[in-house]
Undergrad: 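Let me give you the structure first, and then I'll get to my questions.
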Amino acid sequence: MAINRKVQTLDEFTIQQLRNFPNATGELSGLLRDIGLAAKRVNVEVNKAGLVDILGDAGTINVQGEAVKKLDVYANDQFAGVLQHGISCAGIASEELDEILVFDDEISNNSKYVCLFDPLDGSSNIDVNVAIGTIFSVLPRVTPKGTPVTAADFLQKGIKQIAAGYVIYGSSTILVYATRRGVNGFTLDPSIGEFTLSHPDIQCPPTGKIYSVNHGNYFQYQQAVQQYISACQQKNEATGGPYTQRYIGSMVSDIHRNLIKGGIFMYPSITNRPEGKLRLLYECNPFAFIVEIAGGKATDGNRRILEIQPKAIHEHTPFFVGSKNMMEELEGYLK
Ligand code: AHM
């Protein structure tokens, strides 16, 4: 009997993908399910952020007598907790943790993957109801199974990522993840509490009309970046300019929009931050992977992001990412 049901949940989708790999263990599907679960819990709390006067400020005791955590700490605890309780992740690195967290138990030591994440990116926007997000990266361990993971498992080039993704807590809550097979987006259906496939096979348009950069830092950018920004603002037959400037200041939302509509996002080095603001391992690498799989490009201005050998868990990098043709135009200025 042919069953005609169009809605596909995240779990159904990842399990269906497994059918293409008869030898797959299902660990990645398990990891993505765990991430989806943590995201749903974080989503509930993010939606309550505006109720802070009622529920209590971070650091205080709420009406139920519970200590109220900052949302980014809460988000970190949720992701760390589900990954530790799951069976697919041997350890984590997080923007909220100074050091890697090794899940040193018998099951975790035999897990294939480590996960790096920014639990709540753009968290300074929480107070003003702007969309914020979670970013994650999945790497295969390089140390032998059966032993606790070490920093070497985390300090790998982005090209080694098995999967990467993000969640936007916005007008709707969307989880997007990429593997080498493609990029797919799932919107949370609150009526059933499940992420359901809403954006299959996302492709980044090769060109677009949006550039996203913090103009307040303009005079701190290197000259070539300033020249490119000026070109974005001018009439340009070749590229269809002038472009539109859109900058939310919440990278997950800015890059998600540009990924869908076509555009370029830049966080260049600035005078007092020559390494830029954004973190290589859990902010730039995941987006570079996603956008490249979708057909776009990502660099630090000189090198492909995914080929940078990381030296430290929290290292920064300048970041340029977006539609292929717009990135190539930028590269012409940076040469
Ligand atoms: P955060 O780690 O404090 O959340 O900062 C990361 C955010 C990104 O989401 C965003 O692109 C960038 O910081 C905005 O920075 P700026 O205000 O300097 O433009």
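Order of appearance sets the numbers: ligands from 1, and atoms from 1 within every ligand. Along the sequence shown, residues carry numbers from 1.
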Undergrad: Any nitrogen or oxygen of D121 lying under 3.5 Å from a nitrogen or oxygen in ligand 1? Just yes or no.
TA: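 Checking ligand 1 against D121, an N or O pair does fall under 3.5 Å apart.
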
Undergrad: Return the closest protein heavy atom for atom 13 (O) of ligand 1 as residue, atom name and distance.
TA: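 Here the nearest protein heavy atom works out to K277 NZ, 2.9 Å.
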
Undergrad: If you measure from CG on L278 to CE on M266, what distance do you get to the nearest 0.5 Å?
TA: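 The CE atom of M266 is 13.0 Å from CG of L278, to the nearest 0.5 Å.
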
Undergrad: Given side chain to side chain donor-acceptor pair (under 3.5 Å), test Q161 with S137 step by step and report yes or no.
TA: CA-CA 7 Å; Q161 290 171 106; S137 160; 2.9 Å; yes

Undergrad: Please tabulate, one pair per line, all N/O donor-acceptor pairs under 3.5 Å involving side-chain atoms of residues 165-176, not counting sequence neighbours.
TA:
residue : atom : partner : partner atom : Å
Y166    : OH   : H256    : ND1          : 2.7
Y169    : OH   : T134    : OG1          : 2.7
T173    : OG1  : N43     : OD1          : 2.6

Undergrad: May I ask you to check whether T143 and R141 show a side-chain donor-acceptor distance below 3.5 Å?
TA: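 Yes, R141 and T143 have a side-chain donor paired with an acceptor closer than 3.5 Å.
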
Undergrad: Please work out which of Y282, F319, Y267 has its closest non-hydrogen atom nearest to atom 18 (O) of ligand 1.
TA: Y267

Undergrad: Does Y247, backbone or side chain, put an N or O under 3.5 Å from an N or O of ligand 1?
TA: yes

Undergrad: Show me which atoms of ligand 1 lie under 4.0 Å from any heavy atom of E283.
TA: 2 (O)

Undergrad: Can you list the atoms of ligand 1 that are under 4.0 Å from a heavy atom of S123?
TA: 4 (O)

Undergrad: Is there a nitrogen or oxygen of N214 sitting under 3.5 Å from a nitrogen or oxygen of ligand 1?
TA: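 The answer is yes, given that N214 and ligand 1 share an N or O pair closer than 3.5 Å.
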
Undergrad: Looking only at distance, does F265 have an N or O less than 3.5 Å from an N or O of ligand 1?
TA: no

Undergrad: Has Q309 got more than 12 heavy atoms of other residues, nucleotides or ligands less than 6.0 Å from its CD?
TA: yes

Undergrad: Other residues, nucleotides and ligands only: do more than 12 of their heavy atoms fall within 6.0 Å of NZ on K209?
TA: yes

Undergrad: Has D201 got more than 12 heavy atoms of other residues, nucleotides or ligands less than 6.0 Å from its CG?
TA: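 It does: D201 CG has more than 12 such atoms within range.
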
Undergrad: I need the nearest protein heavy-atom contact for atom 2 (O) of ligand 1: residue, atom name and distance, please.
TA: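 Going by distance alone, atom 2 (O) of ligand 1 is nearest to E95 OE2, 3.2 Å.
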
Undergrad: Establish, from distance only, whether the side-chain atoms of S191 and D189 form a donor-acceptor pair under 3.5 Å.
TA: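 Present: a donor and an acceptor within the cut-off.
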
Undergrad: Contact between ligand 1 and R279 is defined here as a heavy atom of the residue under 4.0 Å from a ligand atom; is it met?
TA: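 So R279 does not count as touching ligand 1.
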
Undergrad: Would you mind listing which atoms of ligand 1 come within a distance below 4.0 Å of any non-hydrogen atom of S250?
TA: 9 (O)

Undergrad: To check your reading of the model: name the closest protein heavy atom to atom 10 (C) of ligand 1, its residue, and the distance in Å.
TA: G249 O, 3.5 Å

Undergrad: Before signing off on this row, confirm whether M251 and ligand 1 have an N or O atom pair separated by under 3.5 Å.
TA: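 Yes.
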
Undergrad: Just list the side-chain donor-acceptor pairs under 3.5 Å for residues 25-37, sequence neighbours left out, or say none.
TA:
residue : atom : partner : partner atom : Å
T25     : OG1  : E27     : N            : 3.3
T25     : OG1  : K112    : NZ           : 3.3
E27     : OE1  : K112    : N            : 3.0

Undergrad: Students should be able to answer this: which protein heavy-atom is nearest to atom 1 (P) of ligand 1, and at what distance?
TA: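 Atom 1 (P) of ligand 1 sits closest to the protein heavy atom G122 N, 4.1 Å.
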
